[in-house]
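Note that the structure is a prediction, hence the values are computed from the model and not measured. Counting from 1, the numbers follow the sequence of the chain as shown.
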Amino acid sequence: MAREFQRGHKAKISDLTPGTDLYVGVQIAAPGLTFDISCFGLDANEQLSDDRYFIFFNQPKSPEESIQLLGAQSGDTESFRVTLDRIPAAIQKLSFTATLDGSGQMSQIGPGYIRIVAGGEEVVRYAFTGSEFTTERAVMLGDFYLKDVWRFAAVGQGFDGGLDALLKNFGGEVAEEEAPPAAAPAAAPGFAPPAQAAAPPAFGAPPAAQAPQPAPSFGAPPAPTPSPAPQQPMHAAPTIAAPLAPQTPQAPQAPSPYGQPHQPQQPQFGQVPGQGAPPAPPFGQQAPAPYGQPAPAPYGQQPPMGMPPGVPQGMPQGAPATGAGLQAALQPYKETATGQRWTPQNQQLMRVDLTMGGSGVLARQGSMVMYQGKVDFGYKSAGFVGRAVGNATGQEMQLMRCTGRGQVFLAEEGSHLHPIELQGDAICVSAESVLAFDESLQYEVRRVEGHGIPGGALFTMQFQGTGTVIVKTHGTPVVLPVTPTTFADCNAVVAWSAASQVIVSTQVRLRRNAYPGHSGETVNLQFRGAPGNFIVVQPYEV
């Protein structure tokens with residue numbers, strides 16, 4: 001009987017079936033929409049380092065045929081054959097994806113699934129619906145990944161970009177549309193379409209002769225006639241200029257690369273990327289920006305120095321900058337989705353996907369800055385004993401429980417955040433330095449040996465088990481190995497390995513105290529332990 005997976009569930013392939021010759025079927029559909037279903041063969045860095053392992057309708061199999069595209073059959077929109085024991089060692093992950101070909105959103109899809117069949121019997125199925133997505137145009141459905149042994153993970157991770165953006169996310173290169181007009185199939189690099197000997201490709205895509213837009217930018221698209229017309233879609237937003245004298249018909253097709261007469265308001269249709277533009281100062285003077293993009297002064301800003309007011313610059317003065325310019329400005333700050341449970345968005349912001357991992361998350365109260373999906377926030381009570389111990393030791397944590405299906409973004413006062421994954425081992429962290437952790441982890445108050453530390457900081461928190469704890473620091477920390485002569489300021493140390501022995505060390509001497517003033521470094525922590533132990537110190541004293 002097939003096992004029903006939810007998003008985030010993982011299992012060893014050997015626990016599902018003893019076979020390695022597997023059938024992978026994908027069903028996804030929506031009225032009026034067309035989908036491209038592909039498989040990315042990724043290396044250890046989750047990058048498409050070898051284009052031959054991008055399997056889609058124009059490249060239906062890998063070189064050794066360990067991954068093959070089979071087409072629509074048995075009720076599946078698309079299907080693959082995967083022979084795990086033939087996959088080269090350089091390929092560490094197979095990511096099965098579905099992307100929209102044309103307009104639409106993943107929220108419009110009906111019930112779908114990705115399933116694995118072995119020996120004619122379905123062994124696992126991950127089902128999904130459009131209600132799990134919003135404006136995404138691509139979705140990573142499931143992964144085969146190698147971690148000691150081959151495993152399967154139900155991902156279900158939406159992706160705002162289409163197939164172009166998905167390929168770039170995996171480190172692939174997208175061929176530009178200015179490829180030579182007379183495209184020879186034998187000379188097309190990377191993802192060239194195979195000879196069309198029989199039926200058209202199986203994604204529900206129209207035949208090549210009727211498709212005005214092929215698979216997005218992969219390889220050289222088939223050009224029926226050597227016409228310059230394909231250059232026109234590259235300039236979907238031409239500059240709108242004030243009326244001029246009628247332009248010559250040759251201007252859109254063959255602009256002079258050098259020495260062209262200067263026409264301040266002439267839109268540059270059809271300029272080939274890489275071709276020299278007319279010389280112009282860099283701050284948006286009368287010459288328009290390359291590739292037909294407008295270069296106005298944004299949001300009503302005064303014209304650049306030396307420009308008289310009222311001179312048109314490709315679009316009305318004061319119009320807000322939109323399109324490619326705005327998208328390029330915001331691109332570095334877009335959400336990062338890696339398909340993992342914990343994903344740093346930057347040094348100060350952490351994203352946790354509650355749909356993965358199967359357990360809730362405990363986070364410091366008030367640390368949520370944004371969330372997506374259906375998430376419940378509840379109060380996490382420490383109980384009477386826990387509150388008493390916390391008050392007595394200074395290691396009390398005011399926590400909230402985050403559960404549901406969605407993504408939560410956590411931060412606190414701009415602190416640097418560091419995810420530390422535990423796999424059965426333990427780490428000691430001060431409660432003040434903990435932002436969040438998986439509810440599956442065990443935690444308790446641990447006493448530090450010694451005669452006393454100023455401020456009563458005689459205790460710390462110990463986390464143990466399997467899961468992730470998010471540690472916050474002031475600035476970028478340093479990790480030092482424990483040696484017999486390792487000392488740290490008790491107010492600067494953040495965490496240490498649980499196997500380390502910690503002793504309070506003091507340099508206070510009665511003779512020194514007889515004189516006014518001292519160094520201010522009279523008490524610190526001494527660490528001892530076997531090789532492999534460590535401490536984490538921040539460039540800041542509490």
Side-chain angles (χ1 to χ4, degrees), residues 5-12 143 145 147 151 153-157 335-345 347-383 386 390 395-412 415-446 460-473 477 494-499 534 536:
F5 272 26
Q6 301 296 324
R7 182 160 58 172
H9 284 186
K10 304 176 182 178
K12 296 179 181 179
D143 291 343
Y145 65 100
K147 187 177 181 182
R151 304 165 188 255
V155 180
Q157 179 64 53
E335 176 186 1
T336 302
T338 62
Q340 304 296 323
R341 179 170 169 86
W342 296 91
T343 305
Q345 303 299 295
Q347 289 185 326
Q348 292 89 21
L349 187 64
M350 185 66 61
R351 173 185 182 268
V352 55
D353 192 340
L354 298 177
T355 61
M356 306 180 66
S359 62
V361 167
L362 297 180
R364 187 176 295 273
Q365 291 181 11
S367 60
M368 185 275 293
V369 297
M370 187 185 73
Y371 71 92
Q372 299 169 322
K374 298 180 180 179
V375 180
D376 295 326
F377 299 93
Y379 172 70
K380 169 60 177 176
S381 174
Q395 297 297 308
E396 183 179 9
M397 293 188 294
Q398 301 292 332
L399 300 174
M400 62 179 179
R401 177 183 283 111
C402 309
T403 56
R405 296 183 62 85
Q407 298 80 39
V408 181
F409 295 78
L410 304 171
E412 186 174 74
S415 299
H416 288 208
L417 305 180
H418 314 275
I420 300 177
E421 183 178 358
L422 302 180
Q423 297 183 351
D425 41 0
I427 189 171
C428 294
V429 188
S430 173
E432 184 64 28
S433 299
V434 177
L435 178 71
F437 55 93
D438 286 322
E439 195 172 13
S440 58
L441 290 176
Q442 303 173 1
Y443 58 99
E444 62 180 357
V445 178
R446 180 178 174 181
T460 186
M461 298 296 299
Q462 177 174 299
F463 293 85
Q464 186 171 8
T466 301
T468 301
V469 56
I470 308 301
V471 176
K472 58 177 185 171
T473 65
V494 176
W496 61 85
S497 52
F534 63 88
V536 181

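Nearest heavy atom pair, residue Leu441 against residue Gly465, reads CD2-C, 3.7 Å. Heavy-atom minimum distance, Phe463 versus Leu422: O-CD1, 3.6 Å. Nearest heavy-atom pair, Gln348 versus Leu417, reported as atom, atom and distance to 0.1 Å: O-CD1, 3.5 Å. Residues Gly406 and Asp353 come closest through the heavy atom pair O-OD1, 3.4 Å. Minimum interatomic distance between Thr466 and Gly424 (heavy atoms only, all atoms of both residues): OG1-N, 3.8 Å.
Listed by chain and number, the residues in a side chain to side chain donor-acceptor pair (under 3.5 Å) with Glu335 are Arg351 (sequence neighbours excluded). By the salt bridge (charged side-chain N to carboxylate O under 4.0 Å, His left out) test, Arg341 is found to be paired with Asp438, residues two or more places apart in sequence or in another chain being considered.
Here salt bridge (Lys or Arg N to Asp or Glu O under 4.0 Å) pairs that include residues 354-370, with residues two or more places apart or in two chains, are Arg364-Glu412.
Going from atom CE of Met370 over to atom CD of Gln407 covers 9.0 Å, rounded to the nearest 0.5 Å. Summarising the geometry, atom CD1 belonging to Ile427 is positioned 4.0 Å from atom CZ belonging to Phe534; distances are rounded to the nearest 0.5 Å. The CZ atom of Phe409 lies 4.5 Å from the CD atom of Gln372; values are rounded to the nearest 0.5 Å. Here the CD-CE distance, from Glu444 to Met461, works out to 8.0 Å after rounding to the nearest 0.5 Å. Rounded to the nearest 0.5 angstrom, Gln157 CD and Arg7 CZ are separated by 6.5 Å. Here the NE2-CE distance, from His418 to Met350, works out to 8.5 Å after rounding to the nearest 0.5 Å.
The side-chain heavy atoms of Leu354 and Val361, taken from C-beta on, include a pair separated by under 4.5 Å. You'll find the side chain of Glu421 stays beyond 4.5 Å of the side chain of Trp342, heavy atoms only. Side-chain contact between Leu435 and Leu410 is present, with heavy atoms from C-beta onward closer than 4.5 Å. Using a 4.5 Å heavy-atom threshold, the side chains of Met400 and Ser367 count as touching.
A donor-acceptor contact shorter than 3.5 Å links the side chain of Gln345 to the backbone of Thr343.
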From CA spacing to verdict: side chain to side chain contact (heavy atoms under 4.5 Å, CB included), Cys428, Arg446: CA-CA 8 Å; Cys428 294; Arg446 180 178 174 181; 3.3 Å; yes
Pair Leu362-Tyr443, side chain to side chain contact (heavy atoms under 4.5 Å, CB included): steps then yes or no: CA-CA 12 Å; Leu362 297 180; Tyr443 58 99; 4.1 Å; yes
Side chain to side chain contact (heavy atoms under 4.5 Å, CB included) evaluation trace for Arg151 with Lys12: CA-CA 4 Å; Arg151 304 165 188 255; Lys12 296 179 181 179; 3.8 Å; yes
Given Val469 and Val434, is the side chain to side chain contact (heavy atoms under 4.5 Å, CB included) satisfied, shown in steps? CA-CA 7 Å; Val469 56; Val434 177; 4.2 Å; yes
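No more than 12 heavy atoms of other residues, nucleotides or ligands sit less than 6.0 Å from atom OH of Tyr371.
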